[in-house]
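See structure below.
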Amino acid sequence: MVKNILAKELETYEENKQRLLSESQGKFVLIRGGDIINVFDTYSDAVKVGIDKFGNTPFLVKKIVEFEEKQNFTSNLIKKESICLQ
Amino acid sequence: MPSVTAVSENLEKEGPIIEIHFSISQELEKKYKEEGKPVPKPIATRALIDTGASACVVKKEIPQALGLEPIGVIKISTPSHKDIECYQYFMRMVIPVQGIAYQGPFIAAALEEQNINSLIGRDILANGILIYIGYMNQFTFSLL
């Protein structure tokens with residue numbers, strides 16, 4: 001089982017998702033561990049505050065949406081064994 | 001708007017490939033300097049401009065070499081597999097000669113061995129122009 005470095009942050013997001021959706025849908029939340037640091041209008045603003053506060057340590061910046069966005073790739077340049085979390 | 005125009009004999013076979021440098025973000029570089037930490041040197045590599053990629057991808061060894069920690073997790077799908085979870089890293093990409101720069105999220109993944117270490121996807125193209133002149137083996141890429 002691959003360990004997700006951001007598991008705690010993702011858990012925090014899920015625990016607070018309904019509240020975040022009702023208050024800030026479409027915005028970007030900055031989470032560190034079990035703490036929701038703040039909500040921002042843009043992705044860049046959230047990342048910049050995260051770097052300023054926490055430097056080069058894991059934190060989560062996530063768009064607050066009901067259904068998770070996925071990224072799609074039409075070619076097979078990305079390897080099949082691309083289990084990326086490690 | 002700065003732009004790069006390239007001619008490639010193998011444009012049809014390889015696609016539009018450009019030389020780029022990856023580095024840590026400007027914000028992290030500033031923080032490192034304030035803290036007296038050494039700033040990792042940029043990594044020179046090749047990127048394919050891929051209109052079939054909805055977002056940018058970087059070979060996972062590159063953010064690792066820059067010592068970066070992830071700031072996101074996202075699911076990706078390809079023709080052969082779907083819903084793979086990958087880390088996202090906030091990085092700076094520069095096309096050195098023309099001074100074209102972009103800073104944003106890059107998905108770290110394993111790429112097939114074709115001497116390509118990054119895909120420039122539609123999230124970057126949303127801020128730019130790509131002109132592909134196949135019969136001249138030439139393309140032009142511009143970024144706001």
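A note on names: the letters A, B, ... follow the listed sequences, proteins ahead of strands, and every chain is numbered from 1. Any value given below was found using the heavy atoms of this structure, including those in side chains, with hydrogens, waters and symmetry copies removed.
- Only the side chain of A:Leu10 comes within contact range of chain B, with at least one heavy atom under 4.5 Å from a heavy atom of that chain.
- Put simply, the side chain of B:Ile71 reaches to within 4.5 Å of the side chain of A:Tyr43, judged on heavy atoms.
- B:Ile133 and B:Ile17 are not part of a single hydrophobic cluster, where members link through side-chain heavy atoms under 4.5 Å apart.
- When hydrophobic clusters are built by joining Ile, Leu, Val, Met, Phe, Trp and Tyr residues whose side-chain heavy atoms come closer than 4.5 Å, directly or via intermediates, B:Met136 is grouped together with B:Ile131.
- Contacts of A:Val61 with chain B are made by both backbone and side-chain atoms, with heavy-atom separations under 4.5 Å.
- Here the side chains of B:Asp83 and A:Lys70 are in contact, with some heavy-atom distance below 4.5 Å.
- When each of B:Gly104, B:Gly52, B:Gly67 is scored by its heavy-atom pairs under 4.5 Å with chain A, the top score falls to B:Gly52.
- B:Ser54 and A:Gln71 share a side-chain donor-acceptor pair at under 3.5 Å.
- In this structure, CZ in B:Arg122 is found 7.5 Å from CG in A:Asn72, a value given to the nearest 0.5 Å.
- Shown here is B:Glu9, whose CD atom has no more than 12 heavy atoms of other residues, nucleotides or ligands within 6.0 Å.
- Residues B:Ile95 and B:Tyr132 fall within the same hydrophobic cluster, defined by Ile, Leu, Val, Met, Phe, Trp and Tyr side chains chained together at heavy-atom separations under 4.5 Å.
- Here the straight-line distance linking atom CG of B:Leu28 with atom CG of A:Asp52 works out to 11.0 Å at 0.5 Å rounding.
- To the nearest 0.5 Å, atom CD of residue B:Gln88 and atom CG of residue A:Leu60 are 9.0 Å apart.
- Closest approach of A:Ile5 and B:Tyr87 over heavy atoms only: N-OH, 2.7 Å.
- Only the side chain of B:Ser25 comes within less than 4.5 Å of a heavy atom of chain A; its backbone N, CA, C and O stay farther away.
- The CD atom of A:Glu69 lies 7.0 Å from the CD1 atom of B:Ile74; values are rounded to the nearest 0.5 Å.
- To the nearest 0.5 Å, atom NZ of residue A:Lys48 and atom CD of residue B:Gln26 are 8.0 Å apart.
- For a residue to count as touching a neighbouring chain, one of its non-hydrogen atoms must lie under 4.5 Å from one of that chain's; by this rule B:Ile24 does not touch chain A.
- Of the possible donor and acceptor atoms, none in the side chain of A:Lys62 sits under 3.5 Å from a partner among the backbone N and O of B:Gly72.
- How far CG of A:Leu77 is from OG1 of B:Thr78: 10.0 Å, rounded to the nearest 0.5 Å.
- Under the 4.5 Å side-chain heavy-atom criterion for grouping Ile, Leu, Val, Met, Phe, Trp and Tyr, B:Ile76 is not connected to A:Val65 through any hydrophobic cluster.
- Two residues are said to be in side-chain contact when any heavy atoms from C-beta on lie closer than 4.5 Å; A:Ile51 and B:Phe90 meet this criterion.
- Taking hydrophobic clusters as Ile, Leu, Val, Met, Phe, Trp and Tyr residues chained together by side-chain heavy-atom distances below 4.5 Å, B:Val94 does not share a cluster with B:Ile18.
- Across B:Pro79 and A:Ser75, no two heavy atoms sit closer than the pair CD-O, 3.4 Å.
- Around CD of B:Glu12, the count of heavy atoms belonging to other residues, nucleotides or ligands within 6.0 Å does not exceed 12.
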